[in-house]
Amino acid sequence: MNSPWRFCYLTLTILLTLGLSPAYGLEEGQGPQAPSELRVEYLANPMGVDVQKPRFSWILGHTARGQAQSALEILVSTQAGVETGDMWASGKINSSDSTQVAYGGNPLSGGSTCYWKVRYWDKDGQASPYSQVARFDTGLFSRTDWKGKWVSGKNQVRTEFRLEKKIARARAYICGLGYYELRLNGRKVGRNVLDPGWTTYDKRILYVTYDVTEYLRPGANALAVTLGQGWYKSTVLLLQMNVELEGGEKLQVVTGPTWKTLDGPIVSDSIYNGETYDARLEYAGWDRPGYDDSRWSSVNEVSGPKGELSSQMMPPIRVVDTIVPLKMTSPAAGVYVFDMGQNFSGWAQLHVSGPRGAAVKLRFAEMLYDNGMINQENLRGARAEDTYILKGDGEEVWEPRFTYHGFRFVELTGFPGVPTVASIRGRVVHTAVEPVGSFACSKPVLNSLQRIIVWGQKTNLHSIPTDCCQRDERMGWMGDAQGTAEEAMYNFDMAAFYTNFLRDIRDVQDTAGTITDTVPYIWGSRPADPAWGTAYPLICWYMYQYYGDKRILAEHFDGVKKYVEFLRSKAENGLVKFSYYGDWVAVEKTPGNIVSSFYYYYDVKVLADMASVLGKEQDAKVYRALAETIKAAFHKEYFDPKTNSYANGTQTANALPLFLNLVPESVRGGVWGNLFDNIVYRNNSHLTTGIIGTKYIMELLTRTGTSDLAYDIATQTTYPSWGYMIENGATTLWELWQPRQGPSMNSHNHPMFGSVGSWLYKALAGINMAPGSVGFEKILVAPQTVRDLRYASGSVRTGRGVVTSSWSRDERSISLEAVIPVGSQAEVVLPKFNLKNIIIREGGQILWDSQGFHAGVQGIDTVKERGEGFLIKIGSGCYSFVLIGD
Ligand code: BGC
């Protein structure tokens with residue numbers, strides 16, 4: 001059971017599940033391995049890079065432990081072979097950075113392709129082989145690079161053009177609002193759907209770059225675009241195709257008045273209400289050359305939205321998965337209900353054959369009534385209904401283009417004949433962020449929790465982090481976004497996604513510094529509830545902490561400062577008190593003012609920290625001093641010495657000040673004791689918190705040495721708890737602790753209570769960043785071996801490589817496997833469990849026994865006894881520790 005092989009097996013399983021290969025051990029050749037997983041601006045071989053100094057990153061591999069990069073060399077070239085660095089030959093740069101390395105070569109020109117490779121020197125000065133060649137494409141840097149005109153018309157637009165020679169290189173730059181589907185010569189270009197991402201269109205519009213070389217051919221070509229309403233609620237198109245023919249001739253195809261337009265088979269489309277598609281209105285061949293479009297009208301030239309054109313530099317929304325229904329029932333004559341077995345965002349693909357003109361209706365819901373019919377009450381104003389009208393020629397396969405639903409159940413009516421489970425496929429649609437994390441442990445309810453968190457999180461990434469994906473909202477509610485950001489970063493590669501979202505936030509900021517509850521701003525208030533607005537500073541700061549992204553801090557420093565200054569202008573006696581939601585959807589309400597004051601302090605502190613990192617010493621000083629005054633005012637205002645509690649003494653009211661150390665030393669024990677009593681004795685180890693208290697309380701309990709209690713809370717299955725949702729059939733997190741089903745606010749796919757996800761990794765798997773470290777450079781592997789938990793295993797692919805911690809234990813021993821990326825260092829904490837005569841081995845070699853530390857095991861610097869456990873300092877590599885005692 002405790003064999004180290006089990007751990008290696010576990011790690012390998014995790015890595016293989018993630019589709020990753022271990023960084024060492026498998027390659028041939030000893031020493032430093034060729035860098036892998038090359039990224040530019042966080043993306044693999046990105047198109048449309050629109051910054052002048054893009055940042056590079058790569059993962060280091062080495063066959064030895066305790067290794068690091070001491071120097072690097074990058075070559076960037078216009079030639080695919082990258083024989084020389086004709087754009088940038090960095091030369092040998094002494095630096096340990098393998099992430100956030102900024103381009104330092106010749107100015108990049110818009111619309112070009114660069115190829116690059118990198119090698120590194122390890123800490124002993126040995127050079128690695130070069131990496132494989134990666135590439136990036138630049139976008140159109142300035143508005144004047146765009147030669148086309150914004151056009152508008154019906155929902156189908158087309159043009160034809162001739163190319164007289166073979167095509168050497170072709171790029172299409174497209175912005176089609178609300179949504180577009182681009183086709184060339186009968187084929188859909190790329191795999192993006194619901195594209196481009198939703199932005200504040202008057203401020204910033206995203207365009208998408210495609211390599212279309214393979215789609216074109218000598219002779220006649222046709223370009224066709226279908227447009228949808230999306231969030232823009234109208235249709236406009238700007239497109240430019242830059243084509244280079246063999247021999248060097250260049251030409252452009254751009255939107256303009258000669259393009260033709262006509263309404264196609266999409267009769268109506270709406271994100272909330274669904275899509276109606278009349279297949280009888282399909283125009284065969286309209287997306288191919290030679291089609292007679294003489295009856296189509298010409299498009300109109302329009303001024304287009306006002307925002308700046310900005311490249312969509314994040315993973316697109318895609319059909320990420322396809323689900324086969326679990327079962328089909330027929331609760332009434334002609335009504336068929338499909339259970340997909342999972343709540344998710346997307347749509348259904350319909351397989352049908354029948355007479356021309358037959359109309360099949362699909363309706364979507366999260367719940368069923370007792371009689372088996374779908375229950376759409378909680379969708380409120382969203383109709384969530386698609387209709388397909390058959391053309392009547394054999395099997396027809398259809399799925400909508402410009403809507404999406406949040407659902408587990410699909411109702412089919414109007415189906416010609418009797419459907420089978422094969423008539424429907426679930427199409428899982430969301431921003432295709434890369435999964436980077438995995439977590440599993442010996443407690444089944446926590447594995448279910450991890451599963452519903454991940455499903456809830458990913459299906460609420462739709463170019464912005466949404467609150468839910470089913471009812472008439474699906475908005476970037478900022479409180480939800482900030483609360484789940486750390487969880488999301490453990491589970492997915494969120495770097496490019498949040499880079500864009502932070503710009504979205506900046507786009508809504510006004511001259512007074514205010515931002516809004518939802519981003520883009522649709523619902524809620526300006527100014528945002530401080531617990532919602534805090535998403536701006538906090539997500540900036542998480543980007544720095546998790547990815548080491550200093551550029552984000554620089555880019556948003558002024559915006560965050562303006563926001564903090566706005567808050568300050570609202571402060572009364574040194575505290576911000578206005579609040580609309582506060583500790584939202586709590587079982588026991590906490591006054592909103594204490595929540596707002598907490599975030600005022602937090603935001604000021606983060607701003608001071610941002611200033612320090614950026615070397616803005618004056619600002620750092622000013623805001624650090626301001627934070628101190630808020631801290632004092634906070635205690636004065638909210639602390640009640642008679643009860644040793646803050647505000648009304650709820651779990652949240654006491655947890656917030658404890659979390660940020662706002663509680664003076666002299667009363668800390670008392671406040672903490674009150675929190676403990678409230679949880680344990682008044683609530684039988686259940687939370688009564690809303691989304692704000694929930695975010696901090698689990699981590700606080702672990703930090704204060706009571707992980708057992710946090711574990712009790714996390715594994716509850718009675719109300720209110722995550723386990724209660726699971727027991728009641730949740731496949732994604734609910735919006736409320738309560739099991740509501742009516743027409744009120746009760747989404748069944750709301751990620752905001754999923755903040756506990758980061759606690760699973762940090763506490764139970766034990767994967768933490770060491771205090772003060774950024775980007776997982778220094779790691780703290782400190783698993784909480786709580787109660788009846790027998791094993792836990794977590795893995796996160798950080799920007800520097802995979803970090804793994806897998807442990808298991810029995811009465812007399814604990815085994816732990818840790819994987820630390822090259823260039824990182826870690827402290828591993830192994831508990832003693834009150835054992836005597838302890839022996840610690842690593843890979844069979846003795847590290848510690850009655851004589852103390854045995855030096856000489858590669859990669860291991862020291863072992864020290866500390867308090868209840870041992871502290872082992874290690875460098876990079878894969879380690880198997882076993883601690884045994886009597
Ligand atoms: C949303 C929430 C949001 C809240 C703010 C709700 O309607 O769905 O998740 O944070 O409003 O009050």
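In listed order, ligands and their atoms are each counted from 1.
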query = If you take all heavy atoms of Val319 and Val193, which pair is closest and at what distance?
reply =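 The pair with the smallest heavy-atom distance is N-CG2, 4.2 Å.
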key: Set of side chain to side chain donor-acceptor pair (under 3.5 Å) partners for Glu588, sequence neighbours left out   =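 Side chain to side chain donor-acceptor pair (under 3.5 Å) list for Glu588, sorted by chain: empty.
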Side chain to side chain donor-acceptor pair (under 3.5 Å) partners for Tyr544, two or more places apart =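 For Tyr544 there are no side chain to side chain donor-acceptor pair (under 3.5 Å) partners, ignoring immediate neighbours.
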What are the distances between nitrogen or oxygen atoms of ligand 1 and protein nitrogen or oxygen atoms, counting only those under 3.5 Å?
{"unit_1": "ligand 1", "atom_1": "7 (O)", "unit_2": "Arg471", "atom_2": "NH2", "d": "3.4"}
{"unit_1": "ligand 1", "atom_1": "7 (O)", "unit_2": "Glu473", "atom_2": "OE1", "d": "3.1"}
{"unit_1": "ligand 1", "atom_1": "7 (O)", "unit_2": "Glu473", "atom_2": "OE2", "d": "2.7"}
{"unit_1": "ligand 1", "atom_1": "8 (O)", "unit_2": "Asp467", "atom_2": "OD2", "d": "2.6"}
{"unit_1": "ligand 1", "atom_1": "8 (O)", "unit_2": "Arg471", "atom_2": "NH2", "d": "2.6"}
{"unit_1": "ligand 1", "atom_1": "8 (O)", "unit_2": "His750", "atom_2": "NE2", "d": "3.1"}
{"unit_1": "ligand 1", "atom_1": "9 (O)", "unit_2": "Asp480", "atom_2": "OD1", "d": "3.4"}
{"unit_1": "ligand 1", "atom_1": "9 (O)", "unit_2": "Asp480", "atom_2": "OD2", "d": "2.4"}
{"unit_1": "ligand 1", "atom_1": "9 (O)", "unit_2": "His750", "atom_2": "NE2", "d": "2.8"}
{"unit_1": "ligand 1", "atom_1": "10 (O)", "unit_2": "Asp480", "atom_2": "OD1", "d": "2.6"}
{"unit_1": "ligand 1", "atom_1": "10 (O)", "unit_2": "Trp532", "atom_2": "NE1", "d": "3.1"}

task = For Arg474 and Thr466, run side-chain hydrogen bond (donor to acceptor under 3.5 Å, both in side chains): C-alpha distance rounded to whole Å, both residues' side-chain angles, the deciding distance at 0.1 Å, then the answer.
result = CA-CA 5 Å; Arg474 316 183 200 183; Thr466 59; over 6 Å; no
Enumerate donor-acceptor pairs with a distance under 3.5 Å from any side-chain N or O in residues 593-600 to protein atoms, sequence neighbours excluded.
{"unit_1": "Ser596", "atom_1": "OG", "unit_2": "Phe578", "atom_2": "O", "d": "2.6"}
{"unit_1": "Ser596", "atom_1": "OG", "unit_2": "Gly592", "atom_2": "O", "d": "3.4"}
{"unit_1": "Ser597", "atom_1": "OG", "unit_2": "Val576", "atom_2": "O", "d": "2.8"}
{"unit_1": "Ser597", "atom_1": "OG", "unit_2": "Asn593", "atom_2": "O", "d": "3.0"}
{"unit_1": "Ser597", "atom_1": "OG", "unit_2": "Tyr638", "atom_2": "OH", "d": "2.7"}
{"unit_1": "Tyr599", "atom_1": "OH", "unit_2": "Gln482", "atom_2": "NE2", "d": "3.2"}
{"unit_1": "Tyr599", "atom_1": "OH", "unit_2": "Tyr696", "atom_2": "OH", "d": "2.9"}

inquiry  = Does the plane of the ring in Trp734 sit parallel, tilted or perpendicular to the ring in His748? Use 30° and 60° as the thresholds.
reply    =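 Ring orientation, 0 to 90° scale: tilted.
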